[in-house]
Amino acid sequence: MTTLPMFPLGSVLFPYMPLQLRVFEERYLIMLARVLDSAPAEFGIVLIERGQEVGGGERRFGVGTVARVTQLEAPEGYLSLVLQGERRFEVTEWMPEDPHPLARVRELPDLEWDDSLLPRRKQAEHLVRRTLSLASEFVDQEWSPDVELSHDPIAAAWQLAAIAPVGPLDQIVLLRSDTMADLLENIIELTEAAAESLAW
């Protein structure tokens, strides 16, 4: 068990993915001052289930990802960060805020790759890229259909989960996947559902 400073957000961070974050709320500036004073500079990110990012009192999901600070700038009045998603965790207990959220967490096992999964990985990638292309006809997408993936198969699978055009609740399902096979199956199933809704 580890105690982690926590940053609830309105979005999901996946392992192997970058995230840009602007921090201006006092309690999180205090948190970052503490985090940056130690090595490695890490904290947890969880999705807000209900409530708002600013002001506290939100309800949070109990699974998240450790974020490592890779870049930091300090313009007037706020901090600008680039984070890298690292390991997944499950919250076992929310602690009293100090003044930022804190939680005791249990790290979830890393997913293991097996080359027999390659056909499913290719199917998932084809489906995600096709659905991104379809979705881009209706709304601006954060990710391009031809975005480049890592050559590392584990990183590429998590990247597919992150760029799949599904909502935050579906992203939580992906983040909770117990095995690499589960992750790929969940990507395929949830992306197919998203593609069907676009077709309507």
Could you tell me which residues satisfy salt bridge (charged side-chain N to carboxylate O under 4.0 Å, His left out) with Arg34, sequence neighbours excluded, listed by chain and number? Asp98

Using the rule that two of Ile, Leu, Val, Met, Phe, Trp, Tyr join whenever any of their side-chain heavy atoms come within less than 4.5 Å, decide whether [X] and [Y] are in one cluster.
X: Leu83; Y: Leu72; answer: yes
X: Val66; Y: Phe7; answer: no
X: Leu9; Y: Val46; answer: no
X: Val23; Y: Phe43; answer: yes
X: Val91; Y: Leu4; answer: yes

From [X] [atom1] over to [Y] [atom2], what is the distance, rounded to the nearest 0.5 angstrom?
X: Leu21; Y: Ile45; atom1: CG; atom2: CD1; result: 6.0 Å
X: Arg121; Y: Leu183; atom1: CZ; atom2: CG; result: 11.0 Å
X: Leu36; Y: Glu42; atom1: CG; atom2: CD; result: 11.5 Å
X: Leu174; Y: Leu169; atom1: CG; atom2: CG; result: 11.5 Å
X: Leu13; Y: Leu175; atom1: CG; atom2: CG; result: 8.5 Å
X: Asp182; Y: Ser177; atom1: CG; atom2: OG; result: 6.0 Å

Side chains of [X] and [Y]: does their closest heavy-atom pair fall under 4.5 Å?
X: Pro168; Y: Ser11; value: no
X: Pro99; Y: Glu97; value: no
X: Leu47; Y: Pro8; value: no
X: Trp94; Y: Met6; value: yes
X: Tyr28; Y: Leu79; value: no

The complete set of side-chain hydrogen bond (donor to acceptor under 3.5 Å, both in side chains) pairs with one or both residues in residues 62-73, sequence neighbours excluded, reads Arg68-Glu86

Going by side chain to side chain donor-acceptor pair (under 3.5 Å), name the residues that satisfy it together with [X], two or more places apart in sequence or in a different chain.
X: Ser116; result: Asp114
X: Arg120; result: Gln123, Glu185
X: Asp146; result: Ser144
X: Thr92; result: none

Please report, to 0.1 Å, the donor-acceptor pairs under 3.5 Å made by any side chain of residues 147-163, with sequence neighbours excluded.
{"from": "Ser150", "atom 1": "OG", "to": "Asp152", "atom 2": "N", "distance (Å)": "2.9"}
{"from": "Asp152", "atom 1": "OD2", "to": "Ile154", "atom 2": "N", "distance (Å)": "3.1"}
{"from": "Asp152", "atom 1": "OD2", "to": "Ala155", "atom 2": "N", "distance (Å)": "2.8"}
{"from": "Gln159", "atom 1": "OE1", "to": "Ser150", "atom 2": "N", "distance (Å)": "2.8"}

Sidechain-backbone polar pair: Thr131 side chain, Leu127 backbone, donor-acceptor under 3.5 Å: yes

Give a yes or no on whether the backbone of Val166 and the side-chain of Asp170 come within a donor-acceptor separation of less than 3.5 Å. no

Which ILVMFWY residues can you reach from Met95 by hopping between side chains whose heavy atoms are under 4.5 Å apart? Leu102

Could you go through residues 105-113 and list every donor-acceptor pair under 3.5 Å that involves a side-chain atom there, pairing it with any protein atom two or more places apart or in another chain?
{"from": "Arg106", "atom 1": "NE", "to": "Glu90", "atom 2": "OE1", "distance (Å)": "3.4"}
{"from": "Arg106", "atom 1": "NH2", "to": "Glu90", "atom 2": "OE1", "distance (Å)": "2.6"}
{"from": "Glu107", "atom 1": "OE1", "to": "Arg87", "atom 2": "NE", "distance (Å)": "3.3"}
{"from": "Glu107", "atom 1": "OE2", "to": "Arg87", "atom 2": "NE", "distance (Å)": "2.9"}
{"from": "Trp113", "atom 1": "NE1", "to": "Asp115", "atom 2": "OD1", "distance (Å)": "2.8"}

Shortest non-hydrogen contact from Pro101 toward Arg27: CD-NH1, 4.0 Å

Tightest non-hydrogen contact, residues Val35 and Pro5, listed as CG2-CG, 3.8 Å

Considering residues at least two apart in sequence or located in another chain, which fulfil the side chain to side chain contact (heavy atoms under 4.5 Å, CB included) criterion with Pro18? Gln84

With sequence neighbours left out, what residues match Gln20 under side chain to side chain contact (heavy atoms under 4.5 Å, CB included)? Val82

So does Arg60 pair up with Glu49, basic N to acidic O under 4.0 Å? no

Show me the donor-acceptor pairs, under 3.5 Å and distance only, between side chains in residues 187-194 and residues at least two apart or in other chains.
{"from": "Thr191", "atom 1": "OG1", "to": "Ile187", "atom 2": "O", "distance (Å)": "2.6"}

